[in-house]
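Inspection log for the structure reproduced underneath, given as structure tokens.
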Protein chains: 2
Amino acid sequence: MNGNGNGTGNRNGRAAGASGVNLLALRSHNGALVLDLLRTAGAAGISRLELADRTGLTPQAVSKIIARLRVDGLVTEAGYRASTGGKPRTVLRLVPDAGHAVGLHLDRDALTAVVCDLTGTVVGERRAPLHLGAGADAVVENAAREVEGLLAEEDAPLLGVGVALPGPLDHLHGVLHRVTGFPEWEGFPLRAALARRLRTPVVVDKDTNAAALRLAVALGTHGSFAYIHLGTGLGAGLVIGGAVHRGARTRAGEFGHQIIQLDGPPCSCGNRGCIEALCLAAVARGDVDEAARVLGAGAANLVGLLDIELVLLGGRTVEERPDVFIRGVGAMLDEWARLQGEEPYVPVRVASGGSLGVAEGAAQLLLAPLFGRADG
Amino acid sequence: MNGNGNGTGNRNGRAAGASGVNLLALRSHNGALVLDLLRTAGAAGISRLELADRTGLTPQAVSKIIARLRVDGLVTEAGYRASTGGKPRTVLRLVPDAGHAVGLHLDRDALTAVVCDLTGTVVGERRAPLHLGAGADAVVENAAREVEGLLAEEDAPLLGVGVALPGPLDHLHGVLHRVTGFPEWEGFPLRAALARRLRTPVVVDKDTNAAALRLAVALGTHGSFAYIHLGTGLGAGLVIGGAVHRGARTRAGEFGHQIIQLDGPPCSCGNRGCIEALCLAAVARGDVDEAARVLGAGAANLVGLLDIELVLLGGRTVEERPDVFIRGVGAMLDEWARLQGEEPYVPVRVASGGSLGVAEGAAQLLLAPLFGRADG
DNA sequence: TCCACTTAAGCAACGCTGTTGCCAAAGTGC
DNA sequence: GCACTTTGGCAACAGCGTTGCTTAAGTGGA
């Protein structure tokens with residue numbers, strides 16, 4: 001589908017720092033920008049002049065870009081706005097079926113797979129049990145079959161498969177580092193294995209990053225927020241400037257082993273006073289208020305360090321008592337801000353998404369680059 | 001000096017998200033990129049072909065860009081490399097005197113002003129006592145006189161004045177929030193006042209951000225690191241992807257009031273268990289090892305959250321016992337990484353710079369944008 | 001000394017970008 | 001029906017990086 005000529009147009013990837021921009025890259029950037037605004041507009045659509053206003057480009061430039069995107073089949077005209085005294089604006093919309101992407105969520109014991117269209121809407125879904133102990137080859141084969149089954153009824157062009165799973169990994173190379181309790185997974189090249197098996201591009205990332213990416217896309221934000229996940233473990237996905245911040249080694253967002261009580265109770269990692277240990281211990285003994293307070297302290301540390309604008313909470317434990325966590329974390333953030341002499345300003349909300357959230361985010365690993373939301 | 005036509009070329013600033021790129025912006029970007037490589041190369045210089053290799057642009061494109069920069073007087077030819085069997089490469093260098101910038105460091109009781117050339121080299125320096133209690137107008141007048149005195153001998157074009165000072169402020173508008181103990185400074189529009197008085201562009205930022213910016217420029221890095229400053233207070237400047245991360249409200253880097261001991265000893269801010277309180281208390285009782293350990297725990301939290309690649313320490317307290325802090329913080333980082341099952345990988349070093357570091361960083365607030373290192 | 005070869009960098013033509021100026025299309029409202 | 005407003009395409013254009021070729025300036029062997 002992509003006659004857009006994506007790619008930087010650079011002949012090499014050896015440049016360590018920022019790289020030069022040529023006309024191909026410029027076209028790609030502006031095209032992606034327009035697509036992102038079209039996606040954000042959703043079913044309501046957006047007109048050429050609004051796009052010109054939002055991008056800062058001239059109306060004529062937008063017209064040309066739209067013409068290209070229409071030829072590529074990515075955009076279509078869909079009716080007209082009400083006139084404001086002159087010719088009514090033409091409404092433009094993304095063509096959802098111009099491309100699909102698969103999102104795969106590999107959790108401890110379950111596999112969730114979704115197909116999303118270009119707007120990010122789920123158009124197909126499958127679930128299956130997962131046995132990590134069965135070995136890498138078996139799991140890859142299992143996952144590949146699920147994907148194939150999901151795609152059997154689809155005929156839109158496939159952009160690729162995004163995979164989200166817990167634990168440390170190298171998202172650039174798609175190699176796993178550790179899967180707790182299953183040493184054979186150490187160093188397994190999941191991306192390459194699945195790409196070879198399915199003959200399609202594959203991207204691998206942490207589950208929290210996928211969830212955060214999905215939220216960034218859904219919110220349409222170019223700002224910064226943190227998604228904090230409290231389930232069987234405690235982790236976070238960071239979005240800075242609208243892009244997921246992974247760090248050089250995909251290790252960013254290690255929120256759970258933040259030390260919040262020096263020389264505190266021991267954590268499973270061997271350290272003392274990790275926020276995960278404190279928080280989960282409070283949950284275990286039924287003291288949800290205390291868990292929320294501890295979580296709030298960690299969130300305050302995070303907000304203070306990064307000056308993010310929003311905190312989103314998710315995960316099984318949060319979903320059981322959302323109001324308690326919203327109140328508890330919010331109170332800590334407000335109190336912290338007040339003590340620093342600032343107005344309380346960071347809203348705390350429960351992340352939408354439900355059980356498909358991570359899988360949708362995995363699909364966004366392939367969709368988002370089309371809209372200029374590449375890796376951070 | 002700037003015939004380069006900087007500016008995005010957009011007619012409006014209303015675009016909330018990412019904005020479109022036109023040919024002016026493209027030229028500006030590539031020109032800045034080339035200038036940055038020239039600056040990084042320093043006195044050794046760099047050839048056209050090397051620039052082409054680093055930027056990913058074609059040699060001919062680089063030739064054209066260099067031709068423009070030479071017309072603007074920013075770049076000059078300076079000798080030749082040794083031949084490798086053919087025509088020797090022409091060495092290109094930045095023209096230091098194509099533009100100067102003033103950096104102003106307003107500390108609790110002292111003012112430091114420097115003039116830097118385009119390469120960031122200090123070519124003039126002044127110090128004076130500072131009395132914040134004398135009132136805003138008097139302080140502005142005092143600072144302006146120092147700047148004028150500093151510039152009396154200079155004749156290179158002035159890019160503007162950068163001001164670095166502690167405490168919360170709004171760097172976008174150059175407005176101060178609080179200056180401890182001097183309520184009259186609350187809300188003072190320092191940027192506007194100084195710009196009107198000196199009739200030159202003024203940029204205002206936190207001292208830790210200025211110090212971090214200077215380090216980012218000096219290191220020539222496009223990666224991520226944290227500068228942690230331990231002096232009369234404890235704060236940090238964050239560099240992510242080569243740019244200073246300030247957050248939406250210039251509040252990022254609030255490291256000192258990170259809660260590291262829940263319900264710990266009270267801090268001056270009114271909270272409990274802030275890392276600043278613990279660290280300074282340890283310093284006060286002479287237990288530098290403990291101070292370094294506490295600082296290391298906070299640094300580990302930071303590294304874990306952001307996956308940064310380097311930690312730089314600075315400030316009076318660190319400079320008194322640099323080895324203790326390097327060892328103590330490094331040990332905590334290594335131990336933390338080991339417990340997470342990772343190789344120790346984050347080096348800890350003492351930030352170079354000395355007493356002029358912050359003022360130099362303030363000057364970089366104006367120089368850095370020329371090299372594409374705009375606000376993060 | 002000559003000459004083949006290598007490497008660097010400029011010239012000219014080109015394709016493509018967004019921009020500008022103009023005009024047709026398609027509405028509203030008196 | 002006419003004046004006006006607004007949208008959006010057409011055509012010409014300036015300027016970007018690219019391509020193909022030429023010139024400049026070295027090395028090294030015969």
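All of these numbers come straight from a predicted model, not from anything done at the bench. Chain naming here is simple, since letters A, B, ... match the order of the sequence lines and numbering starts at 1 in each. Below, each value reflects all heavy atoms present in this structure, side chains not excepted, and no hydrogens, waters or symmetry copies.
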Task: Under 4.0 angstrom between B:T58 side-chain N/O and D:dT18 OP1 or OP2 - done: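 The answer is yes; a side-chain N or O of B:T58 sits under 4.0 Å from OP1 or OP2.
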Would you check if [X] and [Y] make a side-chain contact, meaning some heavy-atom pair closer than 4.5 Å?
X	Y	value
B:L159	B:L367	yes
A:V217	A:R39	yes
B:L35	B:L69	yes
B:L219	B:F225	yes
A:D117	A:H100	yes

Without decimals, in angstroms, what is the distance between [X] [atom1] and [N] [atom2]?
X	N	atom1	atom2	result
A:R70	D:dG8	CZ	P	11 Å
B:I66	C:dA8	CD1	P	15 Å
A:N22	C:dT17	CG	C1'	11 Å
B:E50	C:dA9	CD	C1'	14 Å
B:Q60	C:dG10	CD	P	7 Å
B:L51	D:dG17	CG	P	13 Å
B:I46	C:dA8	CD1	P	13 Å

Task: side chain to side chain contact (heavy atoms under 4.5 Å, CB included) between B:Q364 and B:R373, worked out - done: CA-CA 10 Å; B:Q364 286 292 346; B:R373 292 172 175 275; over 6 Å; no
TODO: Identify the heavy atoms of A:T221 and A:G223 that sit nearest to each other, and give their distance.
DONE: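 For A:T221 and A:G223, the tightest heavy-atom pair comes out as OG1-N, 2.8 Å.
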Open item on the list: Consider salt bridge (charged side-chain N to carboxylate O under 4.0 Å, His left out). Of B:R214, B:R191, B:R246, which one does B:D205 pass it with?
Closed with: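 By the salt bridge (charged side-chain N to carboxylate O under 4.0 Å, His left out) criterion, B:D205 pairs with just one of B:R214, B:R191, B:R246: B:R246.
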Task: Upstream residue (5' side of DNA chain D) when B:S83 and B:V62 are each assigned their closest nucleotide - done: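 This one resolves to B:V62.
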Task: Sidechain-backbone polar pair: B:T40 side chain, B:D36 backbone, donor-acceptor under 3.5 Å - done: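 Pair found, side chain donor or acceptor close to backbone of B:D36.
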List, with names and distances, any nitrogen or oxygen atoms from the protein found under 3.5 Å away from nitrogen or oxygen atoms belonging to nucleotides 14-16 of chain D.
unit_1, atom_1, unit_2, atom_2, d
D:dC16, OP1, B:R27, NE, 3.0
D:dC16, OP1, B:R27, NH1, 2.6

Where do N or O atoms of nucleotides 5-7 of chain D meet protein N or O atoms at under 3.5 Å, pair by pair?
unit_1, atom_1, unit_2, atom_2, d
D:dT5, O2, A:G85, O, 3.2
D:dT6, O2, A:K87, N, 3.0
D:dT7, OP1, A:R89, NE, 2.3
D:dT7, OP1, A:R89, NH2, 2.6
D:dT7, O4', A:K87, O, 3.4

